[in-house]
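The structure under discussion appears below in the form of structure tokens.
These numbers come from the heavy atoms of this one structure, side chains and all, not from hydrogens, waters or symmetry mates. Whatever order the structure lists them in is the order used to number ligands and atoms, beginning at 1.
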Amino acid sequence: MEKKLALKNLVSMEDLSKEEVLQLIYRAQAFKGGASTPSCEKIFVANLFFENSTRTHRSFEVAENKLNMKVIEFDATTSSVQKGESLYDTVGTFNAIGVDVLVIRAKEEEYYNELLQSPLITASLINGGDGSGQHPSQCLLDLMTIYESFGHFAGLKVAIVGDLRHSRVARSNMQMLKRLGAELYFSGPVAWFTPEFAEYGTYLGMDELVGLVDVLMLLRVQHERHTSSSEAAFSKEEYHEKFGLTTARYEKMAPQGIIMHPAPVNRDVEIASSLVESPKSKIFTQMTNGMFMRMAILEAIVRGRSLEEAHDGNLN
Ligand code: CP
């Protein structure tokens with residue numbers, strides 16, 4: 001009988017083996033294909049977002065509702081965070097009042113280490129993004145989208161383009177894609193191609209890159225993470241011409257090539273606005289896949305808790 005995936009936490013792609021990634025993709029695909037959803041009505045979940053989000057926050061919320069979880073509202077702008085409460089104490093509070101699963105986004109990289117080491121906190125943690133560190137649910141939905149398009153990872157040529165240095169999406173994806181056997185390329189402003197990326201793949205200019213790769217993953221320029229205005233010392237138009245997917249470059253893409261972007265998209269900067277919904281674009285498919293992938297992640301977490309607490313009955 002097929003072994004079902006069970007996870008206690010998901011904070012980094014380093015938590016997952018290749019086999020576990022594929023199990024999550026298969027399960028998310030099954031949900032997308034209409035597989036019946038388990039009912040997790042005994043599970044309390046809260047989404048603690050300390051950084052802005054539309055996709056991650058709301059697609060977790062839809063996924064939680066589809067699994068019949070009890071979703072406890074949290075808004076950092078009206079919570080006791082405004083009175084100076086720390087992330088640790090906010091999480092400790094949700095844990096103390098009986099919330100089982102916490103989806104957290106925060107600007108501090110690896111904020112989760114302190115929480116995982118605490119004997120107080122027994123709730124499961126899902127990292128919805130930690131600064132420029134990791135974004136595992138985004139990586140998994142990206143992998144699902146690539147797998148849906150090509151049916152494999154080994155030998156695929158994948159380019160990650162743009163604000164590499166500040167991108168948790170780039171970091172999570174390059175690590176797992178390399179383990180899965182993809183060939184990695186990078187582009188964008190050279191200053192953002194730091195040595196950690198050079199270990200994973202080859203830098204090429206955009207004009208050389210676009211015709212070569214199967215997957216063109218564009219990244220948002222993350223002005224909010226730049227420490228000085230000189231980090232992005234170009235106009236939107238200059239960036240688009242040098243590093244963006246222009247309509248002229250689109251015409252040079254390989255016939256099988258797909259365009260990805262985690263969004264939000266800066267239209268006419270990373271990608272020409274007219275290309276966001278072009279035939280090669282998977283940008284909105286990524287969002288749809290994200291909801292199904294988050295269902296698969298939550299299901300695996302609930303199963304992990306059931307096994308750990310030895311009170312099976314939440315899932316079978
Ligand atoms: N891709 C992504 O993480 O989007 P949000 O910031 O809207 O969640």
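For atom 4 (O) of ligand 1, the nearest non-hydrogen atom of the protein is Arg55 NE, 3.1 Å.
The closest approach between any non-hydrogen atom of Ala263 and ligand 1 is below 4.0 Å. Under the 4.0 angstrom criterion for non-hydrogen atoms, His135 is in contact with ligand 1. Heavy atoms of Arg105 come nearer than 4.0 angstrom to ligand 1 in at least one pair.
Close approach of ligand 1 to Thr54 (heavy-atom distance below 4.0 Å) involves ligand atoms 5 (P), 7 (O), 8 (O). Counting the atoms of ligand 1 from 1 in the order shown, those under 4.0 Å from a heavy atom of Gln138 are 1 (N), 2 (C), 3 (O). Near Pro262, the atoms of ligand 1 lying under 4.0 angstrom from a non-hydrogen atom of the residue are 1 (N).
Backbone and side-chain nitrogen or oxygen atoms of Thr56 are examined, and one is located within less than 3.5 angstrom of a nitrogen or oxygen of ligand 1. Residue Pro264 has no nitrogen or oxygen atom sitting less than 3.5 Å from a nitrogen or oxygen atom of ligand 1, judged on distance alone.
Side-chain atoms of Thr246 never come within 3.5 Å of backbone atoms of Glu241 as a donor-acceptor pair (strictly under, hydrogens ignored).
Counted within 6.0 Å of NZ on Lys242, heavy atoms from surrounding residues, nucleotides or ligands total 12 or fewer; the atom is thus considered open.
One finds no salt bridge joining Glu196 and Arg165 here, because no Lys/Arg side-chain nitrogen approaches an Asp/Glu carboxylate oxygen to under 4.0 Å. Under a 4.0 Å N-O distance rule, the pair Glu270/Arg220 does not qualify as a salt bridge.
For the side chain to side chain donor-acceptor pair (under 3.5 Å) test with His135, the passing option among Arg168, Arg105, Arg171 is Arg105; the others fail.
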Lys32 vs Asn289, side chain to side chain donor-acceptor pair (under 3.5 Å): CA-CA, chis, key distance, verdict: CA-CA 8 Å; Lys32 192 174 180 181; Asn289 287 348; 2.7 Å; yes
